[in-house]
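See below for the structure under consideration.
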Amino acid sequence: MRNMNQMMKQVKKMQAEMAKAQQELEKKVVEGTAGGGVVKVRMNGHKQLIAVEIAPDVVDPDDVEMLQDLITAAFNEAMKQVDEMVAKDLGKFTAGMNIPGLF
């Protein structure tokens, strides 16, 4: 019985630490860029888009497709960085577990 109580305390402690880590992810910001930095996308650790920055000289009304491609590339880079950050920050809580789709 004592082992069970100790295990439950450890589980509760881990849950609290994980909740804190998830809250901290919202404060962390990554930046994805494209076109050598002419398009920048910032997003937080909850995958919420915070800002899109576009250099005025890249805006060409005759080539909207290129701008769309640059925004898409910057967004995808930022998403990849968030995924890596989440895996690093929350991965310690799931080490050794095989739970597909958890993060």
Side-chain angles (χ1 to χ4, degrees):
M1 186 72 148
R2 180 180 172 165
N3 287 342
M4 183 64 126
N5 287 337
Q6 187 175 359
M7 186 173 75
M8 290 304 292
K9 285 181 184 179
Q10 289 175 336
V11 167
K12 286 184 181 189
K13 180 182 177 187
M14 186 177 80
Q15 286 174 328
E17 290 173 355
M18 190 169 179
K20 182 180 177 188
Q22 288 175 328
Q23 287 175 343
E24 289 174 1
L25 280 173
E26 188 174 10
K27 298 174 188 172
K28 293 184 177 184
V29 176
V30 299
E31 182 175 273
T33 63
V38 295
V39 173
K40 298 176 185 175
V41 171
R42 282 189 285 288
M43 103 181 1
N44 68 19
H46 287 185
K47 296 184 179 181
Q48 295 169 325
L49 186 61
I50 295 171
V52 176
E53 200 176 300
I54 301 170
D57 58 320
V58 76
V59 180
D60 179 358
D62 295 326
D63 195 4
V64 174
E65 251 182 58
M66 181 191 67
L67 182 56
Q68 292 169 337
D69 290 344
L70 289 171
I71 293 169
T72 300
F75 181 84
N76 287 336
E77 181 187 329
M79 284 289 283
K80 180 181 173 198
Q81 289 180 34
V82 170
D83 287 341
E84 290 169 357
M85 181 175 60
V86 168
K88 179 183 171 212
D89 289 3
L90 298 182
K92 60 187 169 197
F93 298 108
T94 60
M97 294 182 194
N98 187 9
I99 306 172
L102 182 60
F103 299 111

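- Both Ile71 and Met43 sit in one connected hydrophobic cluster of ILVMFWY residues. Membership requires side-chain heavy atoms under 4.5 Å apart, directly or through other members.
- Among the candidates Gln48, Lys28, Lys47, the single residue satisfying the side chain to side chain contact (heavy atoms under 4.5 Å, CB included) test with Val82 is Lys47.
- Rounding to the nearest 0.5 angstrom, the gap separating the CD atom in Gln22 from the CD atom in Glu24 is 11.0 Å.
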Between Val39 and Thr33, does a side-chain contact (heavy atoms from CB on, under 4.5 Å) hold up when you go through it step by step?
CA-CA 6 Å; Val39 173; Thr33 63; over 6 Å; no

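- Residues Val86 and Gly45 share a closest heavy-atom pair of CG2-O, 3.7 Å.
- Listed here is the closest heavy atom pair of Ala73 and Ala34: CB-CB, 3.9 Å.
- For residues 72-82, the pairs satisfying side chain to side chain donor-acceptor pair (under 3.5 Å) are Glu77-Gln81, with sequence neighbours left out.
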Please set out all donor-acceptor pairs under 3.5 angstrom arising from side-chain atoms of residues 11-19, sequence neighbours excluded.
none

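- Using a 4.5 Å cut-off between side-chain heavy atoms of Ile, Leu, Val, Met, Phe, Trp and Tyr, with links allowed through other members, Leu90 and Val29 fall into different hydrophobic clusters.
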All N/O donor-acceptor pairs, side-chain side in residues 49-68, below 3.5 Å, sequence neighbours left out:
residue: Glu53; atom: OE1; partner: Arg42; partner atom: NH2; Å: 3.3
residue: Asp60; atom: OD1; partner: Asp62; partner atom: N; Å: 2.9
residue: Asp63; atom: OD1; partner: Met66; partner atom: N; Å: 3.3

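- Between Met85 and Val30, some side-chain heavy-atom pair lies under the 4.5 Å cut-off.
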